[in-house]
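Each chain gets a letter, A, B and so on, in the order its sequence line appears, and its residues count up from 1. All values derive from a computational prediction rather than experimental measurement.
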2 protein chains.
Amino acid sequence: MTTPSAPTLAQGPAHEVQRCPPLTRTALDTSQAETAAAIFKALGDPVRLRIFSMIASAPDGELCVCDVVDVGVSQPTISHHLRKLREAGLLTSRKEATWVHYRVAPGVLAATAALLAPPG
Amino acid sequence: MTTPSAPTLAQGPAHEVQRCPPLTRTALDTSQAETAAAIFKALGDPVRLRIFSMIASAPDGELCVCDVVDVGVSQPTISHHLRKLREAGLLTSRKEATWVHYRVAPGVLAATAALLAPPG
């Protein structure tokens, strides 16, 4: 029996985005804009966003890559999208036997939504 | 004296995004993913996001294109980014004399943040 690996920690832009102020509060500086734009860019592809929503809405919050099906692209393309999401820090992953399991990185949805908070 | 034009209405993906469920509730279908991804893609460029945040954080919620300065790109590039944001339905605009004034389309920030709402 293979011991499941520990989940990888959130990293990259998603780790930094919680330091960005809401867009309605102040104009972002260059560094903040690069961080936040990297998150939005990662979500800015229809197939990638579908895959992300499949993982985000999985019943126990985690989805095996083997269950990412019917998205209309090949397995290598799915792997490419998952890598982009992980590099942006939106997903964490852990390996169990031969399969990689993905979940949304803790806090990243709330931190990104906070960027879009209305003024007040 | 030129009569200011009425603000244009929000349109395009931003108008549709309020019909998309939160990403944590259910996997998006193809059409929903295209709508939501178009919003995220529009925000997924650092310079475009800086410009958007300048408008979103303007004291009275509106910014003249003449005040979009110091973002490190040429005026034609600024115009290109503003057009992309308007096409995505993120901005509305009105013309007053020779200048175009921009503001965030009503409801679009809340609708996009709702996509990222945590499960519950």
Side-chain angles (χ1 to χ4, degrees), chain A residues 13 17 20-61 63 67-72 88 90 103-104 106-120, chain B residues 13 17 20-61 63 67-72 88 90 103-104 106-120:
Chain A
V17 77
C20 296
L23 302 180
T24 56
R25 187 188 300 161
T26 182
L28 300 184
D29 66 27
T30 304
S31 169
Q32 291 166 338
E34 285 174 358
T35 293
I39 301 288
F40 291 129
K41 186 176 181 182
L43 298 172
D45 176 276
V47 173
R48 195 150 63 228
L49 187 59
R50 269 193 88 191
I51 294 170
F52 183 75
S53 73
M54 291 171 74
I55 296 165
S57 65
D60 61 354
L63 198 68
D67 290 323
V68 180
V69 292
D70 297 332
V71 290
L90 282 158
R103 60 173 61 234
V104 175
V108 67
L109 289 179
T112 307
L115 279 178
L116 304 170
Chain B
V17 77
C20 297
L23 303 180
T24 56
R25 187 188 300 162
T26 182
L28 300 184
D29 66 27
T30 304
S31 168
Q32 291 166 338
E34 284 174 359
T35 294
I39 302 288
F40 291 128
K41 186 175 181 183
L43 297 172
D45 175 276
V47 172
R48 196 149 64 230
L49 188 60
R50 269 192 87 192
I51 295 171
F52 183 76
S53 73
M54 291 171 75
I55 295 165
S57 64
D60 61 356
L63 198 68
D67 290 322
V68 180
V69 292
D70 296 333
V71 288
L90 283 159
R103 61 173 60 233
V104 176
V108 68
L109 290 179
T112 307
L115 280 177
L116 305 169

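- Pairing each heavy atom of Leu49(A) with each of Ala33(B), the nearest pair is CD2-O, 3.8 Å.
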* Passes side chain to side chain contact (heavy atoms under 4.5 Å, CB included), Leu115(B) versus Leu43(A)? Steps please. -> CA-CA 11 Å; Leu115(B) 280 177; Leu43(A) 298 172; over 6 Å; no
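- Annotation: maximal heavy-atom pairing with chain A below 4.5 Å, among Val104(B), Asp29(B), Ile39(B), occurs at Asp29(B).
- Minimum interatomic distance between Ala37(A) and Pro46(B) (heavy atoms only, all atoms of both residues): CB-N, 3.5 Å.
- Here the shortest heavy-atom pairing between Ala27(A) and Ser57(B) reads N-OG, 3.2 Å.
- Across Asp45(A), Val47(A), Thr30(A), the residue that shares the most heavy-atom pairs under 4.5 angstrom with chain B is Thr30(A).
- Heavy atoms only, all atoms of each residue included: Leu28(A) and Arg50(B) are closest at O-NE, 3.1 Å.
- Heavy atoms of other residues, nucleotides or ligands lying less than 6.0 angstrom from CG of Asp70(B) number 12 at most.
- Considering every non-hydrogen atom in both Leu109(A) and Leu116(B), the closest pair reads CB-O, 3.4 Å.
- Residue Thr35(A) does not touch chain B at all, counting heavy-atom pairs closer than 4.5 Å.
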